[in-house]
Structure formats: C-alpha cells, structure tokens
Amino acid sequence: LARQLAFVADERGIEVVALNRAALANSVPLAKVILPDVTALEILAEEHQGFAQYLYAAEGGRGVHTIDVRDPAHPTRTDFEASAGPKDIEVSGDHLYVADGIGGLRIYSLEDPAEIELVSVVPMYDASGVQVQWPWAYVADGPGGLVIVDIRAPIAPQVVSTTKLNVNPIIIDAAIDLDVMFQYSRPLPVDMDDDGEARTQARNIATVIDIDRGLFIVDVTEPSAPEVIFPRGNGRTRRAGDRLYRGIEVISHVDLAEA
C-alpha cells in the first residue's frame with residue numbers, strides 16, 4: 001500500500017490499483033506489469049506525503065526488479081539484479097534487504113533508487129524472511145532458525161546470534177517467516193503483585209513461523225542472547241500434524257487507559 005494506491009501480485013504479475021477508500025469495491029485498476037512468480041513486493045515512498053516512487057519486486061529463482069511507479073498508470077522497469085532465489089524484501093532507510101534463500105541476506109544501496117547496488121552479502125542456509133528494526137536485521141533462515149545481524153555498517157554486516165527454535169536436536173528447523181515487535185511494560189495481575197504497582201519488563205519479541213511446527217516466540221531484547229519463550233519446555237511433543245504454516249503478521253495494541 002501507498003498513498004491512494006495498492007500494488008497486488010498474483011501468478012500473472014503485478015497490478016496497480018487506484019484505491020477508493022470510501023468504497024473499496026469501486027477501486028480502479030490502472031496498469032499491469034507482467035512478471036511471473038512474484039514472491040514479495042516493497043515500496044519506496046516519498047518521505048513527506050507518502051506517494052509511491054519505486055516498487056521493488058522479488059521474482060522467485062531470478063532476482064529483484066526495480067519499477068518506477070511515479071506515474072502509476074505507466075510503470076516502467078528501470079533495473080534488474082540477479083540473485084539465487086529472493087523470498088522476502090524490506091526497505092529500511094537507504095537500503096533494501098533481500099532474504100535470498102541459499103543466496104543469504106543481500107543488502108543493496110538505494111542511493112540511486114532506480115538502479116540499486118549490492119553492497120554486502122551475509123551467507124545463510126535458506127534466508128526466507130527478513131524484518132529490519134535498526135540496527136538489527138532479523139532473518140528466518142530455514143534450517144538455521146532465527147539469525148540476528150548487526151547492520152549499523154551495511155557494507156560490513158555482522159551476525160550477532162543464531163537461535164535454534166526446536167530444542168529437540170533431532171528436529172531440523174524450517175523457519176520461513178517472522179515479525180518483530182516491541183512489547184510494552186504491563187501491570188502484573190493482582191494475584192502476582194502485593195502492592196498493585198509492579199509491572200512486567202518491556203522487551204523486544206520476534207515471532208517466527210516454522211513451516212511444520214508453527215509459531216515460536218523469541219525474546220530478542222538482548223540480540224546476542226535470544227531466548228525462546230514459546231513453546232515452553234523442551235518442545236519434544238510438538239508435532240506438525242497435518243498443518244503447513246505460511247506466514248505471520250503481528251499487530252500490537254496498547255490500551256492507554258490500562259498502560
């Protein structure tokens with residue numbers, strides 16, 4: 001989503017849609033970009049008013065396309081960067097972060113947003129999802145679990161920790177997606193607090209999806225020492241069953257009357 005526009009990917013390509021926010025059913029398709037196997041989209045928007053400038057599209061097994069959408073009725077491809085198998089992308093600041101499967105975490109400079117430039121690569125097993133909260137990039141790395149990368153110097157990123165999700169050493173992780181959120185301090189329940197004034201500690205949380213075993217929650221407040229806090233125990237009885245998990249989105253709500 002960008003101001004007044006939506007970009008939608010399907011098996012045929014990318015559709016640019018002019019949104020009618022008062023009546024979404026009356027939104028109008030503006031243009032179509034033919035591009036098979038789009039795995040992820042990310043928008044670079046104008047900083048102050050939020051109008052879309054460039055669209056970055058990951059094409060599975062090929063690489064990342066740059067599309068100029070400043071004239072949304074006539075999108076124009078301006079660049080293509082080949083890579084192993086991009087699965088997820090995120091714009092943060094002046095850089096584009098690409099979870100490139102066996103190609104690792106690839107970081108591109110957006111100094112010229114029309115022609116991105118590769119500045120570094122972090123080797124990984126199967127980088128499948130990426131979330132950036134500066135100065136950290138969090139990566140769902142397939143059998144590598146959760147990987148946290150220090151990106152304060154994008155030209156020289158450093159892995160600060162890797163976390164195995166399944167404690168059982170026989171089970172191989174299959175991390176495919178993640179989301180990261182800041183969890184605010186909350187009052188403790190009355191039965192856990194004698195004076196009614198104690199609160200939980202604020203913390204950073206990574207929620208990671210394993211394609212076979214579902215949700216894992218990791219406390220990443222200290223990036224060099226993440227701690228799996230869900231599921232509790234050794235996780236040996238957690239089975240996949242007949243479910244296949246695809247992705248995750250976390251939304252945080254704070255009730256100011258209770259904060």
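The basis for the numbers below is simple: all heavy atoms, side chains too, and nothing from hydrogens, waters or symmetry mates. Here, residue 1 is the first one in the sequence, and each next residue gets the next number.
- I172 and V208 fall into different hydrophobic clusters, where Ile, Leu, Val, Met, Phe, Trp and Tyr are joined by side-chain heavy atoms under 4.5 Å apart, directly or via other members.
- Side-chain N or O atoms of S161 include one that pairs as donor or acceptor with a backbone N or O of P223 at under 3.5 Å.
- Two residues are said to be in side-chain contact when any heavy atoms from C-beta on lie closer than 4.5 Å; Q4 and L19 fail this criterion.
- With rounding to the nearest 0.5 angstrom, the CZ atom of R152 is 10.5 Å from the CD atom of Q158.
- Think of V132 as one node in a network of Ile, Leu, Val, Met, Phe, Trp and Tyr side chains linked at under 4.5 Å; its network also takes in Y97, L105, I107, V119, V122, M124, V130, W134, V139, V147, V149, I151, I155, V159.
- L30 and L41 fall within the same hydrophobic cluster, where Ile, Leu, Val, Met, Phe, Trp and Tyr residues are linked whenever their side-chain heavy atoms come under 4.5 Å apart, directly or through other members.
- At a threshold of 4.5 Å between side-chain heavy atoms, the hydrophobic network of Ile, Leu, Val, Met, Phe, Trp and Tyr places V33 and I43 in one connected group.
- Minimum heavy-atom separation, A73 to A31: O-CB, 3.6 Å.
- Contact of the P86 side chain with the E59 side chain is not registered, since no non-hydrogen atoms from C-beta on lie closer than 4.5 Å.
- Applying the side-chain contact (heavy atoms from CB on, under 4.5 Å) test to T207 and every residue at least two apart in sequence or in another chain returns D179, I205, L215, I217, I248, V250.
- Within the 4.5 Å cutoff, the side chain of R213 has heavy atoms near those of the I171 side chain.
- Pairing each heavy atom of G145 with each of A175, the nearest pair is O-CB, 3.7 Å.
- A distance of 8.0 Å separates CG in N204 from CG in D219, rounded to the nearest 0.5 Å.
- Residues A57 and L35 share a closest heavy-atom pair of CB-CD2, 3.9 Å.
- Residues I176 and Y125 are members of separate hydrophobic clusters, defined by side-chain heavy-atom contacts under 4.5 angstrom among Ile, Leu, Val, Met, Phe, Trp and Tyr.
- Put simply, the side chain of P226 reaches to within 4.5 Å of the side chain of I148, judged on heavy atoms.
- Contact record, S120 with P154: OG-O, 2.6 Å, taken as the closest heavy-atom pair.
- Between K164 and D173 there is a salt bridge, since a side-chain N of the basic residue sits under 4.0 Å from a carboxylate O of the acidic one.
- Environment of CZ in R77: crowded, with over 12 heavy atoms of neighbouring residues, nucleotides or ligands closer than 6.0 Å.
- Applying the 4.5 Å side-chain rule to ILVMFWY residues, one finds L44, Y56, V64, I89, V91, L96, V98, Y108, L110, I116, L118, V121 in the same cluster as Y54.
- Atom CZ of residue F7 and atom CG of residue L55 lie 5.5 Å apart, to the nearest 0.5 angstrom.
- F51 is not connected to I14 by any chain of hydrophobic side-chain contacts under 4.5 Å among Ile, Leu, Val, Met, Phe, Trp and Tyr, and they are in different clusters.
- A 4.5 Å side-chain heavy-atom check between F216 and L146 finds every atom pair outside the cut-off.
- I211 is listed as a side-chain neighbour of R246, based on a closest heavy-atom distance under 4.5 Å.
- Closest of all the heavy-atom pairs between A99 and G129 is CB-N, 3.8 Å.
- Residue-environment remark: CD (E111) stays at or below the threshold of 12 foreign heavy atoms within 6.0 Å.
- When all heavy atoms of A45 and G50 are compared, the pair lying nearest together is CB-O, 3.9 Å.
- By the neighbour-count criterion of 12 heavy atoms within 6.0 Å, atom CD of E46 is densely surrounded, having more than that number from other residues, nucleotides or ligands.
- Using a 4.5 Å cut-off on side-chain heavy atoms (C-beta onward), Q53 and P113 make no contact.
- Rounded to the nearest 0.5 Å, atoms CG (D94) and CG (D112) are 12.0 Å apart.
- Here the side chain of D126 pairs no donor or acceptor atom with the backbone of D141 at under 3.5 angstrom.
- Contact check for L5 versus V16: side-chain heavy atoms found under the 4.5 Å cut-off.
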